[in-house]
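Following: one structure in structure tokens, then a few remarks.
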Amino acid sequence: QRAPFFMWTSFEAPHPPFDPPETAVRLYDGTSIPAPVIAEWAANEHSPVWLAYTRMLYNLDLLDPETIQTIRKHYYAQITHIDYELGRLFGSLRDRGLWDNTIIVFTSDHGEMLGDHGLFHKSCFYDPSSRVPFILRLPERYQEQYEPGSTVQTPITLADLYPTLLTLAGALNEGDMAGRDGMNVLNLLNDEQSERWVFGYRNDLHGLYMTTNGRWKYLYYAADGREQLFDLAHDPDECNNLAGEPAHNERLADCRAIVLKQFNSLVDETGSSPLGMRVENVQLEESRIQAMNPMAWWGPIRYGGQRRKL
């Protein structure tokens, strides 16, 4: 109890195969579970080809509404179970006299689409997948410097954990951040930056690219050159794609420039793309995609399995 300690407590859930304790599931009996959000762009010819590819690969279109609602119910039950287990952990800290001298961070490496826009799993940059909780609880001695209950609107990333925790521990040395991404998020509480762009990239179907400043989010799919622009302040469910609307052409061009500056590999070196961004013009072959799925994944229910790239 006298020595400094670091404890990493990791929960597999909430995660497929969505198998919470039955006692947690029963808590949601008779509760109305919201249906998934399906944007118009996700169900027509204007959706990125990556969406169709992902639905084919994981057989997501075979899931009936009843199954989807059951999955969502079980996901909520998993969260409730974790909440209960965290209560046990925090109670143990109190019993040992450690609560008032322990910094606690609650966060996650990814979210879950849970049927929104016809998708499950993680691995995309829509908010249900990419926007994760980040709750920092500080001991009472910090409360004069940082007001409890404060929130930050500037986007942050998990790379910010390193400088934030080391600063709080008094262990961040000069030069520690050389070559590293990330910033001390506590600086945002007293002096929130006017604008910070964070980025995402996934090496799937020739590349998914994302940038956001918390208000605007821009996505680019190299498989077919599809762009999406969302105003998160007025459209948190990302249902209204503003790319292509003349009123937002300037904002769209600014976002392209930001992404191209961050990702040199996205620059079109052939000169054939009117946007100056690489386009692969992928054509989907359903039989070939199904052949990539030899383990017969059961939608979002199944663990494990292997796949080959297209």
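All values below come from the heavy atoms of this structure, side chains included, with hydrogens, waters and symmetry mates left out.
In this structure, L188 CG and R196 CZ are separated by 7.0 Å, a value rounded to the nearest 0.5 Å. Atom-to-atom distance recorded for L266:CG and E269:CD is 11.0 Å, nearest 0.5 angstrom. Here the CH2-CD1 distance, from W216 to I258, works out to 12.0 Å after rounding to the nearest 0.5 Å. Separation of atoms CG (L208) and CZ (R226) is listed at 13.5 Å; rounding is to 0.5 Å. Considering CG of N101 and CD of E140, their distance stands at 11.5 Å, rounded to 0.5 Å. For the atom pair CG of D237 and NE2 of H117, the computed distance is 6.5 Å after rounding to the nearest 0.5 Å.
Among all heavy-atom pairs drawn from Q69 and A35, the shortest one is OE1-CA, 3.6 Å. Across D116 and I38, no two heavy atoms sit closer than the pair C-CD1, 4.3 Å. A pairwise comparison of heavy atoms in A77 and P20 identifies CB-CG, 3.7 Å as the closest pair. Residues R202 and S123 share a closest heavy-atom pair of CD-O, 3.1 Å. Closest of all the heavy-atom pairs between E147 and S150 is O-OG, 2.6 Å. The minimum heavy-atom distance linking S108 with L158 is given by the pair O-CD1, 3.5 Å.
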### Audit row: Q228, Y126, side chain to side chain donor-acceptor pair (under 3.5 Å) steps and yes/no
CA-CA 10 Å; Q228 293 181 315; Y126 302 116; 2.6 Å; yes
### CA sep, side-chain torsions, deciding dist, call: T31, Y76, side chain to side chain donor-acceptor pair (under 3.5 Å)
CA-CA 11 Å; T31 300; Y76 291 177; over 6 Å; no
### Message
Evaluate H15 against H110 for ring-ring contact (aromatic ring centres under 6.0 Å, His included), listing each step before the verdict.
### Response
CA-CA 10 Å; H15 199 282; H110 63 83; 5.8 Å; yes
### Query
Under the side chain to side chain contact (heavy atoms under 4.5 Å, CB included) criterion, do I104 and L93 qualify, and how do the steps go?
CA-CA 11 Å; I104 297 172; L93 289 174; 4.2 Å; yes
#### Entry: side chain to side chain donor-acceptor pair (under 3.5 Å) evaluation trace for E85 with H81
CA-CA 6 Å; E85 296 299 338; H81 180 225; 3.2 Å; yes
### Task
Take L166 and D176, measure what side chain to side chain contact (heavy atoms under 4.5 Å, CB included) needs, and give me the verdict at the end.
CA-CA 10 Å; L166 262 64; D176 280 352; 4.2 Å; yes
### Task
Would you check, one step at a time, whether the test side chain to side chain contact (heavy atoms under 4.5 Å, CB included) holds for L186 with T167?
CA-CA 9 Å; L186 293 171; T167 298; 5.6 Å; no
### Task
Given side chain to side chain contact (heavy atoms under 4.5 Å, CB included), test D29 with K73 step by step and report yes or no.
CA-CA 9 Å; D29 286 350; K73 177 180 179 179; 2.7 Å; yes
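Hydrophobic cluster membership is shared by F263 and L229, with clusters built from Ile, Leu, Val, Met, Phe, Trp and Tyr side chains linked at under 4.5 angstrom. Neither M177 nor V185 shares a network with the other; the hydrophobic side chains, linked directly or stepwise wherever heavy atoms of I, L, V, M, F, W or Y lie under 4.5 Å apart, form separate groups for each. The same ILVMFWY cluster, assembled from side-chain heavy atoms under 4.5 Å apart, contains both Y218 and Y209. No continuous path of hydrophobic side-chain contacts links I82 to Y84 [ILVMFWY only; heavy atoms under 4.5 Å]. Transitive grouping of hydrophobic side chains (ILVMFWY, heavy atoms separated by less than 4.5 Å) brings L232 and W41 into a common cluster.
The side-chain heavy atoms of V132 and E112, taken from C-beta on, include no pair separated by under 4.5 Å. In this structure the side chain of I68 reaches within 4.5 angstrom of the side chain of P36, judged on heavy atoms. You'll find the side chain of L86 reaches within 4.5 Å of the side chain of F11, heavy atoms only. With a 4.5 Å cut-off on side-chain heavy atoms, M277 and L260 count as touching. For the pair L89 and M7, the minimum side-chain heavy-atom distance is below 4.5 Å. Two residues are said to be in side-chain contact when any heavy atoms from C-beta on lie closer than 4.5 Å; V37 and C239 meet this criterion. Here the side chains of T164 and L136 are in contact, with some heavy-atom distance below 4.5 Å. K217 has its side chain within reach of D127: a pair of non-hydrogen atoms, C-beta onward, lies under 4.5 Å apart.
Remark: side-chain polar atoms of R137 are paired, donor with acceptor, to backbone N or O of T102 under 3.5 angstrom. Although no hydrogens or angles enter the test, the distance criterion places no donor-acceptor pair under 3.5 Å between the side chain of N281 and the main chain of D224. Under a 3.5 Å cut-off, the side chain of N213 and the backbone N or O of W197 do not form any donor-acceptor pair. Distance alone, capped at 3.5 Å, is enough to place a donor-acceptor pair between the D268 side chain and the G271 backbone. Within the 3.5 Å criterion, the main-chain N or O of H206 finds a donor-acceptor partner in the side chain of R278. A donor-acceptor pair under 3.5 Å is formed between the side chain of T70 and the backbone N or O of E66.
Checked against a 6.0 Å centroid threshold, the rings of W99 and F90 count as neighbours. Checked against the 6.0 Å centroid criterion, the rings of Y58 and F120 do not qualify as a close aromatic pair.
Judged by the 6.0 Å distance and 45° axis criteria, R55 is not positioned over the aromatic ring of W50. Taking the ring centre of Y162 as origin, the terminal cationic atom of R180 falls inside the region bounded by 6.0 Å and 45° from the ring axis.
With hydrogens and angles left out, the side-chain atoms of T211 and Y220 include no donor and acceptor closer than 3.5 Å. D95 and S92 share no donor-acceptor pair across their side chains, judged by distance under 3.5 Å alone.
Checking E238, R131, M210 one by one against F125, the side chain to side chain contact (heavy atoms under 4.5 Å, CB included) holds for a single residue, M210.
Sparse packing is recorded around CG of D181, with 12 or fewer heavy atoms of other residues, nucleotides or ligands lying under 6.0 Å away. Remark: E144 CD is loosely packed, at most 12 non-hydrogen atoms of other residues, nucleotides or ligands lying under 6.0 Å away.
A salt bridge is defined here as a Lys NZ or Arg NE, NH1 or NH2 lying under 4.0 Å from an Asp or Glu carboxylate O, and E195 with R215 fails to meet this definition. The residues R88 and D83 are annotated as not salt-bridged, no charged nitrogen and carboxylate oxygen being separated by less than 4.0 angstrom.
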